[in-house]
Structure formats: structure tokens, C-alpha cells
Number of protein chains: 2
Amino acid sequence: MNNPEQFLRNHVEKVVPLTDEEASFIVSHFKLETFKKGQFIIEEGNEVHNVYFLLAGLVKLVYEDQDAKKHIVSFAMEDWWETDFQAFYTQSKATLLLECIEDTIAYSLSFENFEKLCNDLQKMERFFLRKSIAGHIGSQTRILSFLTSNARERYEQLLLKNSSLLQRVPKTSLASYLGVSRETLSRLFM
Amino acid sequence: MNNPEQFLRNHVEKVVPLTDEEASFIVSHFKLETFKKGQFIIEEGNEVHNVYFLLAGLVKLVYEDQDAKKHIVSFAMEDWWETDFQAFYTQSKATLLLECIEDTIAYSLSFENFEKLCNDLQKMERFFLRKSIAGHIGSQTRILSFLTSNARERYEQLLLKNSSLLQRVPKTSLASYLGVSRETLSRLFM
DNA sequence: TGTAAATAGTGATATTTGTCACGCCTTTAA
DNA sequence: TTAAAGGCGTGACAAATATCACTATTTACA
């Protein structure tokens with residue numbers, strides 16, 4: 001990712017072809033931001049102004065329950081979109097945390113600019129529709145993994161789907177994503 | 001639901017306002033269909049041509065695993081959209097079943113007409129984007145219920161969210177949706 | 001109307017998973 | 001460079017949930 005603008009353009013063009021003018025127009029709505037490992041991009045209770053398109057790095061979307069126990073809703077890395085979508089789309093307070101597992105570079109897109117983009121360029125509305133559908137299908141797959149599989153099987157499926165997570169994420173976090181205690185996960189593969 | 005066209009129009013207008021012309025234009029892309037209790041709207045291995053907007057009745061979206069065990073991905077009723085989205089959007093073979101729990105009346109929208117609608121009327125692309133986002137958020141909530149809650153809590157959350165299911169759906173199916181055996185569910189509340 | 005299928009409850013037991021406690025590394029940061 | 005925090009494995013035990021077997025009731029429908 002040595003050229004963020006080109007990277008974003010390529011990403012969008014996997015769904016809809018763009019002219020040079022459209023590509024610049026799109027990029028002009030984004031803002032480049034960098035975050036340190038451990039930094040919170042979104043904090044619970046704050047307004048969620050942006051959705052983030054990750055250029056490099058790795059983040060986790062986390063829900064903290066009443067017992068202060070943390071559960072990982074999803075990981076996101078290069079080429080992915082992430083935010084607290086509930087809070088972003090309804091422009092309300094975050095119920096989730098977005099925390100960097102690695103130093104991260106991202107394009108941020110404000111809600112205002114998101115709406116402008118959709119209004120001014122139907123291609124972008126189409127693009128976001130496709131992305132949203134893909135996200136929905138992905139979530140349904142994850143739900144099915146809870147319905148059909150035990151902890152060990154869910155772990156194996158995760159490895160097949162995204163084996164790089166194993167190297168980049170502590171086991172404790174993988175366990176939290178899989179819905180299993182870190183002790184159980186530890187025992188499953190030793 | 002004595003007037004399907006009006007019902008659909010009202011549904012769309014919760015997101016985007018429509019002129020009379022637009023409303024008729026939209027309705028002209030749909031086809032009214034009725035299904036009997038027990039009937040399969042989508043069968044595994046078949047092409048998925050349509051997405052369905054339910055006017056009345058109740059259906060379940062089901063995944064059948066290698067052991068022929070059935071898992072309920074979701075229920076859908078009046079005012080909901082349902083299909084095997086993975087198969088529909090990629091125009092490939094169904095991996096899920098869509099089966100009627102009650103006699104059901106639905107508008108079907110073919111993939112071709114879905115694309116036409118999105119192309120010819122940006123409002124509809126916007127409408128589907130909003131629906132898709134809502135679906136994505138809903139799925140994420142369900143994922144969180146698996147991460148944070150045990151069987152009893154998931155059951156209670158389902159009742160809060162959609163208490164009518166308790167009357168309309170056998171406990172066996174509720175168990176299958178919640179990811180718990182029917183025996184365990186039976187014991188949780190007796 | 002009568003019969004098969006579906007639905008539902010429950011006892012006994014096995015399996016899976018969670019919790020608590022501890023020790024030992026590795027990484028982080030003052 | 002040293003203390004603190006984080007990460008990871010593991011033993012002992014507890015809790016949650018699944019499985020199997022059986023029965024009873026209700027529902028569908030030929």
C-alpha cells in the first residue's frame with residue numbers, strides 16, 4: 001500500500017469501474033489517518049462520525065458486557081471497512097469499541113461525506129450496497145458456525161478462512177472472537 | 001394486508017418517499033405468489049431466482065448439515081425480505097432451504113428485476129442499501145448474543161425482540177434457531 | 001374417523017466448556 | 001534495566017449442554 005489513492009480506487013473498481021475524475025472525486029471525500037497499536041479509534045459512548053477503510057494494520061471491534069468482559073465482534077485488516085455500523089448509520093453513541101491490534105493506516109469517511117458520495121455518484125451507492133450485502137452474508141456464515149460447530153470446528157474454520165489472524169492476533173483474542181474461553185482454546189490444540 | 005400494492009408502497013416509503021408513478025413502476029417488477037404451509041420456496045441445490053417480500057405468513061431459512069441436522073438461520077414474517085442471499089446475489093445454487101411454517105403470501109422479485117429497479121430508480125438502490133445495512137446490524141446483534149449469552153438468555157432476548165414467534169413456531173424450531181437442543185430448551189423453562 | 005407424524009416433557013448419563021488458581025515466559029514502558 | 005502487564009499453558013473442579021431413551025399428547029390428513 002504505497003499509494004493510498006490508487007489502493008482505494010482499485011478497491012472500488014472491483015465493484016464498479018471509475019473514470020479518473022470519479023476516482024479523484026471519491027478520494028477527495030476521505031481523510032488519511034494513522035493510529036498506534038493499542039489506540040482506540042472508537043470509544044464506547046462517543047459519537048461515531050466515521051467509517052474506516054483500512055490500508056494497513058489490524059483492528060478489533062469489541063463489545064464490553066455488564067461484567068466488563070470483552071467480546072470480539074470482528075477483526076478487520078487491509079482492504080476492509082470497519083466501524084460501529086449501528087452507531088454510524090443511526091448517528092448515535094457507540095456501543096462498541098474499535099481498538100488497534102497493530103499500528104494502522106486508514107482512510108476515514110465521515111457520515112456527511114458518505115451521504116454526499118451516495119447522492120452525487122450512484123456508482124458509490126451501488127458500491128456500498130454490494131459491500132453491505134457481502135457483510136450481511138459474512139455475518140450469516142458466522143451465525144451458522146455457531147449453530148453447526150463446536151469450538152474446535154469454529155477455530156479450524158477461522159484458520160481456513162483467515163489463517164493470517166493466527167500469526168497476528170493473541171490466542172486470547174481469537175478465543176474471544178470464537179466465543180470460547182482462552183483456556184478451552186488453549187487445550188483444544190495442545 | 002388487504003392491498004398488497006399499498007402494503008409494499010408503505011414499506012418502501014418508510015425509507016424513501018415515492019410519487020404515484022414511481023410506486024406503480026416499482027410494483028410492476030414484483031409478482032404475487034402464495035405458498036402452503038410446509039411448502040419449500042427455495043430448495044437446496046436449485047437456482048435462487050427471487051428475493052421475497054412477505055405480505056403474510058411465516059417462513060424459516062434453514063441450513064442442513066452433513067449429519068442431516070437442520071439449523072434455522074432466520075425466521076421471516078410479514079414486512080420482511082427473505083431469500084438465500086448468498087445464492088441470490090451471486091446467482092448460484094442454494095445452500096439453504098426456505099420453508100413455510102404457515103400459509104404465506106409474498107411478492108417475489110427476480111434478480112433481473114432487482115437489478116433493473118436499482119438501475120432505473122436510484123431511490124430503490126438506496127432503499128435496498130438501507131435494508132441491507134439493517135440486516136447486517138441485525139446479524140451482528142445475533143452474533144453478539146452467541147458471544148455474550150447462554151441458552152436461557154438468548155431465549156429471553158428472542159422473546160423480547162419477537163414474542164409472536166413463541167405462539168407461531170414449535171419449540172423445536174426455536175431451539176434450532178437459538179443453537180440449543182430441544183431438550184435443553186424444554187428444561188430451561190419448566 | 002383413525003392412524004401416522006409431529007410436538008413436547010423428562011430421567012439418566014456423557015460430553016463440552018467454563019472458572020479459578022497457579023506458574024512461567026515475553027513484551028512494554030517508566 | 002527493572003517492574004508491571006500481558007500472554008499462555010495446565011490441573012482440578014463446576015456448570016452448562018448434548019445425547020439417548022422413553023412416554024404422552026396433539027395435529028395433520030387420507
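A note on names: the letters A, B, ... follow the listed sequences, proteins ahead of strands, and every chain is numbered from 1.
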Between the base of [N] and the side chain of [X], is there a donor-acceptor distance below 3.5 Å?
| X | N | value |
| --- | --- | --- |
| R182(B) | dG9(C) | yes |
| R152(A) | dT15(C) | no |
| E183(A) | dC8(D) | no |
| R187(B) | dT19(D) | yes |

- request: Quick one: do H11(A) and F53(A) satisfy ring-ring contact (aromatic ring centres under 6.0 Å, His included)? Show the steps, please.
  value: CA-CA 10 Å; H11(A) 177 75; F53(A) 174 66; 4.5 Å; yes

What is the distance from [atom1] of [X] to [atom2] of [N], rounded to the nearest Å?
| X | N | atom1 | atom2 | value |
| --- | --- | --- | --- | --- |
| Y155(A) | dC8(D) | OH | P | 10 Å |
| F146(B) | dT17(C) | CZ | C1' | 16 Å |
| E153(A) | dT15(C) | CD | C1' | 14 Å |
| K36(B) | dT27(D) | NZ | C1' | 17 Å |

- request: Run through K60(B), R142(B), E82(B) and flag the one making a side-chain hydrogen bond (donor to acceptor under 3.5 Å, both in side chains) with S74(B).
  value: E82(B)

- prompt: Would F30(A) and F114(A) satisfy ring-ring contact (aromatic ring centres under 6.0 Å, His included), going step by step from the backbone distance to the final call?
  reply: CA-CA 9 Å; F30(A) 286 80; F114(A) 166 74; 9.9 Å; no

At less than 4.0 Å, is any side-chain N or O atom of [X] found next to OP1 or OP2 of [N]? Yes or no.
| X | N | result |
| --- | --- | --- |
| K171(A) | dG6(D) | no |
| T184(A) | dT17(C) | no |
| K69(B) | dT19(D) | yes |

query: Out of dG18(C), dT17(D), dG9(C), which has the shortest distance to the side chain of V180(B)?
result: dT17(D)

Centroid-centroid distance, W80(B) to Y52(B), less than 6.0 Å: no

- prompt: Is T172(B) touching bases, backbone alone, or none of the nucleic acid, heavy atoms closer than 4.0 Å?
  reply: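 Sugar-phosphate contact only - T172(B) comes under 4.0 Å of backbone atoms but never of a base.
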
- request: Looking at every strand, decide which applies to G179(B) at a 4.0 Å heavy-atom threshold: base, sugar-phosphate, or nothing.
  value: sugar-phosphate

